[in-house]
Amino acid sequence: MAPPPIVQQKSSSPSQPSGYVFFLPSLSVLLLNRKPLRFLIPSYCLSRKSEVSDLKLQLRQLAGSRAPGADDSKRDLFKRVISYMTVGIDVSAAFSEMVMCSATSDIVLKKMCYLYVGNYARCHPDLALLTINFLQKDCRDVDPMIRGLALRSLCSLRVPNLVEYLVSPLSSGLEDGSPYVRMVAVLGVLKLYHISATTCFDSDFPASLKNLMLTDSDAQVVANCLFVLQEIWNLEANKSEEANRERETLLSKQTIYYLLNRIKEFNEWAQCLILELISKYIPSDSNDIFDIMNLLEDRLQHANGAVVLATIKVFLHLTMSMTDVHQQVYERLKAPLLTLVGSGSSEQSYAVLSHLHLLVMRAPMLFSSDYKHFYCQFSDPSYIKKLKLEMLTAIANESNTYEIVTELCEYAGNVDVPIARESIRAVGKIALQQYDVNAIVDRLLQFLEMEKDYVTAETLVLVKDLLRKYPQWSHDCIAVVGNISSKNVQEPKAKAALIWMLGEYSKDMPDAPYILENLIENWDDENAAEVRLHLLTAAMKCFLKRPPETQKALGAALAAGVADSHQDVHDRALLYYRLLQYDVSVAERVVNPPKQAVSVFADLQSSEVKDRIFDEFNTLSVVYQKPSYMFTDKEHRGPFEFSEEIGNLSLDQESMDNAPRFDESDKDLLLSTSEREENGGPSINGAATPGYSAPHDYNSSLVPLSSQTQSEPAVTSRTSFAIDDLLGLSMLAAPAPPSLKLNSKAALDPGTFQRKWGQLGVSISQEIPISPQGVGSLTTPQALIRHMQANSIHCIASGGQSPNFKFFLFAQKDDGSASFFLVECIVNTSSAKAQVKVKADDASASEAFFALFQSALSKFGM
Amino acid sequence: MPVAASAIYFLNLRGDVLINRLYRDDVGGNMVDAFRIHIMQTKELGTCPVRQIGGCSFLYMRISNVYIVIVVSGNANVACAFKFVVEAVALFKSYFGGAFDEDAIRNNFVLIYELLDEIMDFGYPQNLSPEILKLYITQEGVRSPFSSKPSDKPVPNATLQVTGAVGWRREGLMYKKNEVFLDIVESVNLLMSSKGSVLRCDVTGKILMKCFLSGMPDLKLGLNDKIGLEKESQIKSRPIKSGKTIELDDVTFHQCVNLTRFNSEKTVSFVPPDGEFELMKYRITEGVNLPFRVLPTIKELGRTRMEVNVKVKSVFGAKMFALGVVVKVPVPKQTAKTSFQVTSGRAKYNASIDCLVWKLCIYTRIRKFPGQTESTMSAEVELISTMVEKKSWTRPPIQMEFQVPMFTASGLRVRFLKVWEKSGYNTVEWVRYITKAGSYEIRC
């Protein structure tokens with residue numbers, strides 16, 4: 001808007017500079033008012049525009065010149081063009097000039113030109129046509145270097161309608177005398193495949209690659225053939241039977257042995273690939289296995305860590321079926337792995353440590369004597385410390401517990417608070433593994449004396465878990481815990497743990513009723529429902545043991561509980577109230593039955609998942625500690641792509657119903673170990689008393705549950721899943737709902753919105769995933785707001801910064817009824833999820849609206 | 001699909017793209033924005049070098065003031081990706097002559113583009129060996145002799161060797177004086193408890209080699225390692241007299257070393273690359289000689305005063321000496337005033353790292369710290385009393401830096417280095433030893 005008037009002023013009255021001056025401030029005001037960045041980039045480009053045209057001019061002048069210094073000045077110009085390109089300035093305007101200048105003998109100039117062409121060809125396919133000619137000519141150059149470069153650039157143009165020009169240079173490239181050209185041509189086939197698979201197969205390139213792979217004298221050509229064939233057949237395997245067969249032949253004994261015999265000719269990267277292939281090979285007998293391992297053993301001494309890891313994978317996978325050899329392999333692999341951890345940057349050691357971590361978790365016994373290698377160095381980054389702590393925890397046994405726990409206690413005072421917490425948890429976990437508990441309990445109690453808030457908080461949670469497993473320690477623990485002032489404990493988890501102990505051991509703690517009373521007085525300041533739930537239970541327990549002292553506190557707690565806005569707290573308070581009304585002895589049986597000590601805390605990651613990760617050794621799966629299908633987009637996001645193609649509402653609903661459940665399981669796997677065990681408690685109890693629905697079981701199963709952290713949320717979430725399931729099913733069974741139309745010009749003022757939001761109940765609350773493109777586009781809230789507006793969903797308020805954004809949106813039914821839908825949408829871009837709450841005037845239509853909302857959101861960023 | 005990288009980015013600390021290379025279309029162009037927003041501008045930075053955003057994984061590394069980010073869409077091989085980055089940086093360094101930082105990238109971006117094209121094609125790593133790449137990619141750019149005057153010359157040697165099997169050495173090298181330099185560089189890692197017992201101690205060493213040899217020489221290296229010596233005495237069927245033997249926990253070699261021969265005969269034989277390279281790396285945990293003992297006593301006197309006493313003892317041979325000896329004693333953040341007494345060197349308080357830094361090797365006439373001597377520092381530290389009183393200050397460990405020439409903490413010695421070449425020339429071999437402090441930490 002601003003520039004035209006300036007130009008006008010300038011052209012109409014050049015003699016009046018005052019007018020010019022007048023406009024500039026107004027422009028700067030504009031700049032100040034808006035987001036400066038958004039405005040500055042175009043103006044920056046504007047100033048560059050003249051430079052680009054300047055460059056064009058100079059290039060044109062040089063194009064035909066054969067003067068001696070011409071190449072040097074061309075180089076300078078090309079360099080400038082490339083540097084503009086790198087910083088993101090569009091220099092595609094100079095395309096034809098660049099092509100004109102490319103007729104040169106200077107190889108550096110050529111390379112810069114190829115780079116330029118490769119960068120802009122895709123967005124300017126018509127211009128790319130200009131380059132075909134000179135690239136094809138260069139493909140026939142005498143110098144193999146130029147032939148190779150030209151062929152690589154030709155294949156990298158990635159313009160679908162130029163495919164026909166690729167076939168003949170590629171086939172002659174594959175038969176070229178120079179290995180350099182062949183090597184480039186082989187990867188060119190893969191590029192062609194990605195542009196147009198049919199052309200690739202029609203020209204029978206895969207077959208020629210296969211031939212080349214088995215006969216070529218040059219190792220890199222062979223390796224590239226393998227890269228390409230593997231990728232093509234893996235992608236095609238689902239589509240055709242033949243491709244599947246071809247993929248099998250890559251793993252045949254003949255091919256594998258051929259590659260094995262040549263392995264030393266390959267460079268380190270190609271060796272990695274070949275070793276990866278070999279790890280999938282199914283050996284015919286044990287001789288086969290030993291032959292391969294003997295041949296590859298020296299690879300464990302390779303300087304490249306990636307080769308060593310790839311070799312390790314081969315060893316581990318080949319010996320899977322031979323238990324004793326498998327163990328020996330572990331012993332053999334220890335030394336090279338530990339060397340790799342210590343060499344290279346911390347990023348590299350992280351990659352190696354993740355693998356070591358996996359092995360340690362599989363066979364902790366074998367590493368128990370190497371514990372000193374896992375001691376943390378002060379300078380280690382926290383991601384490495386965390387892995388080391390987990391390994392130390394896992395390998396603790398009778399012989400090394402003392403040393404390990406001593407070391408872990410050192411970290412408890414670490415400056416890095418998360419690591420300090422982690423190490424306290426590690427001490428607790430070792431205690432739960434039942435090695436030398438006596439000493440460890442003492443250490444834990446010493447932590448409480450350190451009087452650091454976070455140390456106390458972590459320790460309290462651990463002491464609670466310990467007491468659940470070893471009730472015999474209650475006497476020592478209670479003495480120390482009793483001295484902790486509840487004012488120093490702020491974290492909900494720790495507070496809940498403290499309150500649980502107060503309730504459970506109120507007999508042994510003289511002050512228990514009074515501390516509880518104090519806490520109950522501050523009921524309204526207690527934000528976490530978890531803590532309030534525990535307060536109720538603890539007050540009950542305490543009352544049953546010491547009625548006269550607690551009666552007042554319990555009364556206050558029940559009153560506050562019944563009036564609580566949180567559903568679970570309210571329900572529990574009512575339950576207790578009615579139980580007491582009914583019969584105090586029944587209440588005692590329900591709330592305070594004799595308890596069994598927890599014997600084992602559950603491990604949430606199933607062995608199936610662990611095996612899956614082990615299968616994917618030496619990949620990202622190991623680092624993420626989850627199998628690849630959970631994070632590679634294709635399989636995981638499969639249902640989405642499908643639903644978009646069909647665009648059918650009912651199908652949409654189904655896929656959406658599936659998605660959150662997927663995510664739920666993801667989250668479980670991501671839970672840190674300590675959380676796992678806390679969640680594990682209830683699930684074990686659940687398993688012990690099967691069937692939540694059986695009425696006579698209900699009471700007895702509720703008791704251990706209610707005494708534990710997070711039990712209540714776990715149960716509710718489970719039931720809500722069941723409801724989701726039912727909804728999903730009913731949606732499927734019912735005919736597709738009449739499509740809902742929204743008023744594109746809906747209006748609502750903030751005051752009304754707020755009032756409505758207060759009045760209406762939540763009709764749908766769900767978490768939905770966001771596509772990676774969406775995450776990428778969500779740099780500011782405005783992007784999403786504009787997108788949703790296009791779908792007739794309007795925004796009334798938004799805020800937040802990466803990674804958390806919050807939106808309040810609304811929409812109106814387009815049928816004249818003033819029926820509104822209100823949405824609260826909290827987007828977390830790092831987890832790629834949106835938490836959506838829908839409230840509606842007409843609750844019956846909210847399902848349909850939610851489906852609409854979801855499909856709109858899933859299209860965001862496309 | 002194992003390792004294909006989709007893109008590689010070089011960013012400066014502000015997040016500006018210095019250089020990017022998109023190898024594949026399966027990730028969007030805005031990936032670098034995602035990295036900036038979700039990693040660089042959050043607390044995530046530095047918490048984990050592998051992160052997933054949307055469907056893509058970002059593997060990143062910081063080297064001097066540059067972030068190098070590899071973006072992959074599939075289940076990639078992490079170790080390979082990081083190794084690739086490290087090797088690529090080594091390659092760039094060998095081209096720029098030492099430094100790799102933002103300025104070097106800006107000054108050489110055309111060259112880096114050229115190299116990125118060669119070392120990776122469509123996301124698959126190709127040839128990263130500097131020896132080979134330098135044959136056909138030079139800083140100034142080769143002007144191909146062919147295209148300027150087309151003729152029917154044979155295919156140039158360079159491209160033939162690009163992909164050859166003996167990739168690390170080219171033929172026809174000539175030197176007037178045939179010399180080999182060996183450097184044995186060890187770094188000692190130590191973790192000592194406050195009670196003075198060694199919790200963890202190991203040595204990681206490497207043998208660096210500089211070769212100026214003509215032709216295609218065959219080299220054989222003999223060390224005083226236990227297994228190698230035993231094997232040798234077996235072969236020669238007589239005991240070999242030698243002093244101390246050492247046990248190597250693990251060894252890795254440069255690709256030029258014949259590993260089959262190492263496994264069968266335990267000898268290190270190889271055809272070396274020309275110039276400088278890392279021949280082998282090893283790790284030793286048993287029988288490490290610590291060059292220094294550190295005996296700290298730290299007393300907290302009330303809330304505002306601390307007394308620090310550190311005694312450093314050199315326990316290597318009296319004829320040897322150490323260089324660059326520095327002791328860093330951490331002190332609390334609220335340190336106000338310090339005063340020192342030292343028997344050698346100079347100490348001062350460095351507020352930016354919250355440490356008392358004691359440099360032992362300056363202001364002495366010889367700037368060396370001889371073996372079998374000791375030196376002490378006693379310091380008084382005054383603290384500002386703060387309202388939020390942390391009950392106990394947890395002390396980070398004391399750290400130490402040093403270099404001891406002609407000393408190996410592991411006791412490793414080179415027994416011989418034999419050179420064979422068909423022309424039978426004489427060679428001069430030079431050997432140096434040096435031991436450095438790796439992470440030398442003493443808790444107090």
Side-chain angles (χ1 to χ4, degrees), chain A residues 79 86 105-108 111 115 142-145 178-180 183 187 190-191 218 220 227 231 234 265 269 272-273 276 298 301 303-306 309 335-336 339 342-343 347-348 350-351 372 375 377-379 383 413 451 618-621 623 628 631-633 772 775-776 779 802-803 830 832, chain B residues 1-2 19 28 30 33-34 37-38 47-50 52 54-55 57 61 74-80 82-83 110 113-114 121-122 124-125 127 136 141-144 146-148 150 155 159 162-163 165 191 199-200 204 249-254 259-260 263 281 283 391 394 396-397 439 441:
Chain A
K79 262 189 194 172
T86 304
S105 58
D106 185 348
I107 199 162
V108 174
K111 280 186 188 169
L115 180 71
V142 234
D143 186 350
M145 201 68 212
S178 159
Y180 183 79
M183 167 181 111
L187 276 171
L190 184 59
K191 292 173 193 167
D218 188 272
Q220 191 62 44
F227 281 131
E231 187 171 333
N234 274 339
E265 296 171 31
W269 316 104
C272 290
L273 174 90
E276 176 72 32
D298 57 17
Q301 250 107 37
N304 188 325
L309 265 184
T339 309
S343 56
E347 287 86 355
Q348 283 171 287
Y350 175 67
K372 283 190 176 172
Y375 282 4
Q377 265 153 23
F378 186 69
S379 46
Y383 51 85
E451 294 192 26
N618 203 17
T619 62
L620 280 169
S621 316
V623 175
S628 64
F631 61 88
T632 49
D633 43 358
V775 171
T779 50
S802 171
S830 55
Chain B
M1 19 167 255
I19 277 189
N30 54 8
D33 296 328
I37 292 162
H38 298 303
T47 55
C48 184
V50 184
Q52 195 194 3
S57 293
M61 230 176 179
N75 191 12
N77 180 337
V78 195
C80 194
F82 280 132
K83 183 71 186 170
V110 175
Y113 273 124
E114 274 184 56
D121 199 355
F122 210 52
Y124 288 114
N127 201 329
Y136 63 102
V142 202
R143 293 185 191 205
S144 166
F146 302 97
S147 25
S148 53
V155 188
T159 42
V162 169
T163 54
L191 183 59
L199 292 174
R200 196 197 143 172
T204 52
D249 278 33
D250 190 44
V251 213
T252 61
F253 293 105
H254 186 269
L259 292 173
T260 328
N263 276 342
K281 271 195 286 211
R283 186 167 54 86
K391 180 125 194 212
T394 47
S439 131
E441 295 178 352

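From a predicted model like this one, the values you see are computed outputs, not experimental measurements. Residue numbers start from 1 in every chain, and the chains themselves are labelled A, B, ... in the order their sequence lines are given, proteins ahead of strands.
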Would you call B:P49 and A:Y383 a side-chain contact if the rule is heavy atoms closer than 4.5 Å? yes

Any side-chain heavy atom of A:W269 within less than 4.5 Å of one from B:K83?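 Side chain of A:W269 against side chain of B:K83, heavy atoms only: contact under 4.5 Å found.
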
Could you tell me the separation between the CG atom of A:L273 and the SG atom of B:C80, rounded to the nearest 0.5 Å?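 Between atom CG of A:L273 and atom SG of B:C80 there are 9.0 Å.
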
Let me confirm one number: the CG-CD distance from B:D121 to A:Q220, rounded to the nearest 0.5 Å.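 Reported value, rounded in 0.5 Å steps: 10.0 Å.
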
Go through the atoms of A:L190 and report whether side chain, backbone, both or neither lie under 4.5 Å from a heavy atom of chain B.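 When you check distances to chain B, atoms from both the backbone and side chain of A:L190 fall under 4.5 Å.
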
Of the backbone (N, CA, C, O) and the side chain (C-beta and beyond), which part of A:K191 lies under 4.5 Å from a heavy atom of chain B, both, or neither?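 Contact with chain B: backbone and side chain both.
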
Need one label for [X]: side chain, backbone, both or neither, based on atoms under 4.5 Å from any heavy atom in chain A.
X	answer
B:F253	both
B:K281	side chain
B:L191	side chain

Out of B:V110, B:D249, B:I19, which one racks up the most heavy-atom pairs below 4.5 Å with chain A? B:V110

Going through the distances and angles, do A:V108 and A:K79 end up as a side-chain contact (heavy atoms from CB on, under 4.5 Å)? CA-CA 10 Å; A:V108 174; A:K79 262 189 194 172; over 6 Å; no

Partner chain B: residue of A:L115, A:T339, A:L309 with the largest heavy-atom pair count (under 4.5 Å): A:T339

Run the side-chain contact (heavy atoms from CB on, under 4.5 Å) test on A:V623 and A:Y350 for me, step by step, so that the C-alpha distance in whole Å, both residues' side-chain angles and the decisive distance to 0.1 Å come before the verdict. CA-CA 8 Å; A:V623 175; A:Y350 175 67; 3.6 Å; yes

